[in-house]
Every structure is written in C-alpha cells, then in structure tokens.
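One structure is given here, and the rest of the page talks about it.
Please read all numbers here as calculations on a predicted model, not as lab measurements.
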Amino acid sequence: MTRKIRLQTNDDNVEVRYQNWAAQVISIMMPWSLYWVCGRAGAKTVQVLAERVQEVAQDCPGAPFAWVADTYSDLHKNVIPSLIDGLSNLGWELGTHYVINQEPPAEWRERMYNVCTDWRQTMVFFTGFNFTFISLDRLSIGAGRSYVGLFGDEVKYFPEEKFTNLLKAVRGFYVKYGNSVWYRSRTLTTDMPNPNHLGEYDWILKMSAQNDKQAIMLALNAGLVYNDTKKNYLANVQELEQVRAAARLDRSLETKLPKLEKAVKSAERTMKRWEERWIRARRGVSFFFISSTYVNIDVLGIDYLQDEINEGLEGLHCNILSIIPKLEATERFYPNLSIKNFYADGFLNDVIDRHPIAWQEDASVLRYYLADKAIDAGMDAGNMLSLVIGQQERKVYRVLKEFYTLPPETVRELADQFLHYFQPSKRRVLMLFYDRAMNNYHKVKNDMASAIKNAIEFDASGKRTGWRVQLMSLGQGNIGSNLEYLYMQDLLSGNLEQRLFSLQIDQYNCPCLKAEMEVCRTKVKDDGDRRMVVKEKKGDKLSRERLPKESTNLTDALKYLMCRREFLDAWRRKGFRTA
C-alpha cells in the first residue's frame, strides 16, 4: 500500500488561495469556454476571471486576446479597475507583471506574436500575452484585428448582434495557437439578465445548449486527479528537502535520499501524465453554469443574504438567486417605456481617451450637453436626495445625467457632485423644478429648495461658484401620481412629439433612473367615488443601499422635471386624457 504524504501548506513555496466552491469547480476544470451566470457579489472577477487570465497568459505566451465591455466609459471606470484588483489579489501587480495603455518593455514585446504599433487600449503581460480592450459602442478599436480568444464581463448588457459580429474576429493565428486549449475560447460572466430591464439581453442563456455533460464530467474528474497528483508531487518534494536538510546534521539519513528522489521523479511523471490527460479532456469543452450569490456565503456572511431575503423586494430573485423575474406590462407604472426612450451614444469617447483610467468624469464627456445653454433639473427630497438633469434641443428633450446621495449625506454632498460634474459649463444657470414640499418653511429661509440653491451657488468654504439657481416651483400645486401616470403614457409613447418633444434618457449616465422606471409598479387607490392608478411606493422603505435602483425617488425627480405647468398645459390643449 502506497504511503500517503500530506502537503504542508505553511511552506513558503506553497501559495494558498481561497475560492468559493463554484470558483473551485471552474478552476479545477478550466474549460475551453466558460459561460457563468452568477448572483451579485459572487466573486466573478476576483476569483474566476482573474484566475483564467493568469492561466491563459502563461499557457498562451504572446497571444492576442480581446476583452469586451458594453461601453467605453464603463471599460475605464469599472471593468479595468476591477480586473486590476482581481490580479492584485492573486499576486500580479501593475508595472511588474503587466502594463496598461503604454509600451511594454522590449523583452515583453519580443514575446508578442501579433504586431502592435498603438499601445492605447491594450494590456500587455510579461509573457507577451496581451489584451485589446473593445467596447461595443466603439467597435472601431478592434477593426481589422484577429484574436485568439475573448473575455467579457456583465455580458447581459451586450446586444447580441454586435457581439456576434465581434466574435468573427476570434479566429487568429491558427498555425501558432491552433493546438492550444484556449484557441477561439470565450470567457463570459454576468449576473442574471432581467428581461424587464430595457437594454438587458438574455442571449447568454442560449449557451446552455453547448453543455455536454459527459465531456464536462470527464474534464472535471481529470482536473481533480491532476490536482491530486500536483499535491502529491509537491508533498514528495517537501519531504525530500526536509530529509536533505536533516542529513546535513545526521549523516545516517543520507541512505533515505535515493528512495525519496525516486519517489519525487515518479510523482513528477505521474503529474505530467495527468496534466496531458487533463488538457486533452478540456479541449473544446464549454461549461454553462448558473449559480446564486449563496456560492460566496462564506465570505459575505449569512447576515448579508438574510437581510436581502427579509426585505424580499425587487432584485432578490434576479440579482441574488439568479431567477428570472416576471413583471406583466399591466403592472408597470410606465407601461409605454421602451428602448426607444433611451440613447446609448451619449459619451464622447475621444475625451475619455485623453484622461487616465478611473478618471472621475465631468460633463465634457457628454455628446449632447449644450455647455452654453442653461440646464434644467428635477429634484426629489425623499429617503434619498435625487437630482435629474435635462436639456431640450428642438423637438428632443434629453435627460443627461443623474445624481443622488444616501443618508446621512446632505445637500452639500449632492451639490458637490453637481459642481464637479458641470465644471466645464460656460453658462452657469440651473432651472430647478421640485416637489412643493421642498418649499415648506420658505418664509423663514429654512426650506429644502433654498438649501440646495445655496449649496450650488456657494461651495463648502462659502465662496461663490458662479452658478445661479432659479427656483421654478414656488407656489406650485400638487402633482399627483395619477396625473403623472396618464401624462407619461403619452409622452413615452411619442404622442407629444409634435406638440412638445420626444423624451430621450441617457441609459448609461442615468442607470438608476432607468432601473427605477423599469420596475416601478402601480397600485389602485380609491378617491371618493372613483378608483385611480397611482405609483406604488414600497421600494422607498428599502435599506439605503437598495434605494437608488429599487425606490421611486429618481422617478419622482423626473416627474418634477417633466410635469411642469407649460408641458401639462400643452398636453391638455392637445385633447389628451387628464386626471
């Protein structure tokens, strides 16, 4: 019977890494292509994407890969910083193991198989392996290039047609890499797509058809055996080194060395044999897998998940449990909301190019912002302070940007966000529309409307900012949610385009407003002798972290921006329904 040697993990030559069980399965199997739908906070980037990047960087030295994101802005603000954090947790540091957006050292360049003359939007590793960062709103970055494989995160935001066209470029350098497990591989992760959210696409669910259970189990079992042979080999090496060290003091132990050296060589042969089997088993294997946030419960703690379940409102089933929610159109407060009410080309990517990664953007990146004209803002002072910015240009009214603060933050923090973002403004005039309740205590100058006006006109040190805020809702009457419900149906459907304008919302600069509009529900309220459809407000009682996307605060800010007196009068004159 063979003696089992235990691996000593406290050895300096042993790197200990911690992964949740789903990430362990993926790492042990390391399939050719991975399609992983996992709940929020499932450690997709840190424990899976970064691990696979390290693996392919060493397995395919010099190979060009593509990293895909939905927008150029998101690539710079979120994707690349998250990837850097994930690699750092695994011991690879910027400047030592890879560089971004800069020419790499000469010895790294010599290892690259592809020719690169422009180092913008690139990430080059010490092995010569390299990424080109491509956003689906700027496909020209990858035009004319070929790639060995592809990575992407949050793929629920990828339009299927655009992504499919990009996949045609994943075909490069067959002579060099055609025999690699990673040739034409795809690594795609996301949380569960929600079909009720405009701009989310569930095509990744089709990838389940690529699962071959027998091939997956073979790759997994081969990986498990290979992993055991690696541990056995290293354990034998540790024992040999320990006996060698002890033999320097006790020469009688030298008789054990030949047997131990033989055991090390035998373990190494076994390990290499199973490595070859493991590689063969992985080739061409696709693994589609759905898991909930519970896979990461050891890190998050039971309290985190229990709080989500106890609240039990919108987002739990989809974002945490990875179950697709259902919401009938008749339950929507904005039933005519569609993708045509949003625009996706709001960024000037050339402006982003001129700044470092993770730059805190300002209004100079907005394609449709008119810097020489006054801007409008709708504000709600509910459980969170919400500010929605808009401008009208001819027959189009665009909602350009959202701002919000969560308790205990105040109007000072909200104003500071606004002042930083709109620093490039040439005409600093803000027309503020808001809830009439913000006028309370106006006579004694202790009202919320005056507070935000003063916070924008004067900075934290009391210095004038150059902004002039006009309070547009003094003396305003109540704007009921039934009135909003009827008016917004006509506005969102395009019925008011000739009389007023069409409404267009920047889907990337107003993500929380978009999410709130998509999940906002109706309820029926009795008003004397009639029943009215009004806005359900249950989401406003959620925990502070969930308010931005699941409350109605930003939608109320939009209401005050859109339901101003002259707009409503034009709607009524046109003969549309009234409350």
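Under the 3.5 Å distance criterion, the side-chain polar atoms of Arg184 are matched with a main-chain donor or acceptor of Val170. The closest donor-acceptor contact from the side chain of Arg283 to the backbone of Asn179 lies under 3.5 Å. In this structure, the side chain of Asn101 does not engage the main chain of Arg120 through any donor-acceptor pair within 3.5 Å. Between the Arg251 side chain and the Arg248 main chain, no donor and acceptor come within less than 3.5 Å of each other. Between the side chain of Arg186 and the main chain of Tyr35, no donor-acceptor pair closer than 3.5 Å is present. Listed for the Gln19 side chain is no donor-acceptor partner under 3.5 Å among the backbone atoms of Val48. Judged by distance alone, the side chain of Asn130 and the main-chain N or O of Met112 form no donor-acceptor pair under 3.5 Å. Side-chain N or O atoms of Gln47 include none that pairs as donor or acceptor with a backbone N or O of Ala23 at under 3.5 Å. Between the side chain of Asn341 and the backbone N or O of Ser338, at least one donor-acceptor pair lies under 3.5 Å. A donor-acceptor pair under 3.5 Å is absent between the side-chain atoms of Ser88 and the main chain of Asp85, judged by distance alone.
Atom-to-atom distance recorded for Asn236:CG and Lys262:NZ is 13.0 Å, nearest 0.5 angstrom. How far CE of Met192 is from CD1 of Ile323: 8.0 Å, rounded to the nearest 0.5 Å. Residue Trp182 holds its CH2 atom at 9.0 Å from OG of Ser33, rounded to the nearest 0.5 Å. In this structure, CH2 in Trp92 is found 14.0 Å from CD1 in Ile84, a value given to the nearest 0.5 Å. How far CE of Met30 is from OG of Ser27: 4.5 Å, rounded to the nearest 0.5 Å. Atoms NZ and CG, on Lys259 and Leu240 in that order, are 13.5 Å from each other to the nearest 0.5 Å.
For Glu516 and Ser551, the side-chain atoms include at least one donor-acceptor pair closer than 3.5 Å. Inspection of the Thr187 and Arg52 side chains reveals an N or O donor paired with an N or O acceptor under 3.5 Å.
The shortest non-hydrogen separation linking Leu90 to Glu51 is CD1-N, 3.6 Å. When all heavy atoms are compared, the tightest approach of Cys38 to Val295 is SG-CG2, 4.0 Å. Considering all non-hydrogen atoms of both residues, Val285 and Pro31 come closest at O-CB, 3.6 Å. Summarising the geometry of Pro193 relative to Ile204, their closest heavy-atom pair is CG-CG2, 4.3 Å, with the distance given to 0.1 Å. The minimum heavy-atom distance between Pro159 and Leu136, with the atom names listed, is CD-CD1, 3.8 Å.
Remark: Lys77 NZ is packed, more than 12 non-hydrogen atoms of other residues, nucleotides or ligands lying under 6.0 Å away. Enclosure of atom CD in Gln214 is not indicated, since only 12 or fewer non-hydrogen atoms of other residues, nucleotides or ligands lie within 6.0 angstrom. No more than 12 heavy-atom neighbours from other residues, nucleotides or ligands sit within 6.0 angstrom of CD on Glu161. Under a cut-off of 6.0 angstrom, the local environment of CD in Glu107 is crowded, with over 12 non-hydrogen atoms contributed by other residues, nucleotides or ligands. In this structure, Tyr334 places its OH atom where more than 12 heavy-atom neighbours from other residues, nucleotides or ligands lie under 6.0 Å away.
Residues Ile28 and Leu220 meet the side-chain proximity criterion, which asks for heavy atoms closer than 4.5 Å. Side-chain contact between Asn20 and Asp298: absent, with no pair of heavy atoms (C-beta onward) separated by less than 4.5 Å. Taking the side chain as every heavy atom from C-beta outward, Arg244 and Leu257 approach each other to under 4.5 Å. Counting only heavy atoms from C-beta outward, the side chains of Thr189 and Val155 never approach each other to under 4.5 Å.
The pair Asp228-Lys231 meets the salt-bridge criterion, with a side-chain N (NZ, NE, NH1 or NH2) lying under 4.0 Å from an Asp/Glu carboxylate O. Salt bridge present: Asp353 and Arg138 bring a charged side-chain N and a carboxylate O closer than 4.0 Å. Using a 4.0 Å cut-off between charged side-chain N and carboxylate O, Glu268 and Lys265 make no salt bridge. Between Lys206 and Glu160 there is a salt bridge, with a side-chain nitrogen of the basic residue lying less than 4.0 Å from a carboxylate oxygen of the acidic one. With respect to Glu103 and Arg109, a salt bridge is recorded, a charged nitrogen being found less than 4.0 Å from a carboxylate O.
By the 6.0 Å and 45° rule, Lys176 does not stack over the aromatic ring of Tyr174. For Arg280 and Trp278, the positive end is not near the middle of the six-membered ring at less than 6.0 Å and at most 45° from its axis. Judged by a 6.0 Å distance limit and a 45° cone about the ring axis, Lys401 is positioned over the six-membered ring of Tyr421.
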Query - Evaluation steps, side-chain contact (heavy atoms from CB on, under 4.5 Å), between Asp70 and Asp137 - result: CA-CA 7 Å; Asp70 57 333; Asp137 66 340; over 6 Å; no

Query raised in the report: Is there a side-chain contact (heavy atoms from CB on, under 4.5 Å) between His355 and Glu361 once you walk through the steps?
Result: CA-CA 9 Å; His355 294 85; Glu361 295 173 356; over 6 Å; no

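A perpendicular orientation is assigned to the rings of Phe173 and Tyr177, their planes being inclined by more than 60° (bins at 30° and 60°).
Taking the centre of each ring, Phe287 and Trp36 stay at or above the 6.0 Å mark. Note: Trp203 and Phe163 meet the aromatic proximity criterion, with ring centroids under 6.0 Å apart. Checked against the 6.0 Å centroid threshold, Phe65 and Phe129 count as a close aromatic pair.
For Phe288, there are no ring pair (Phe, Tyr, Trp, His ring centres under 6.0 Å) partners two or more places apart in sequence or in a different chain.
Exactly one of Trp67, Tyr98, Tyr147 qualifies for a ring pair (Phe, Tyr, Trp, His ring centres under 6.0 Å) with Phe131. That residue is Trp67.
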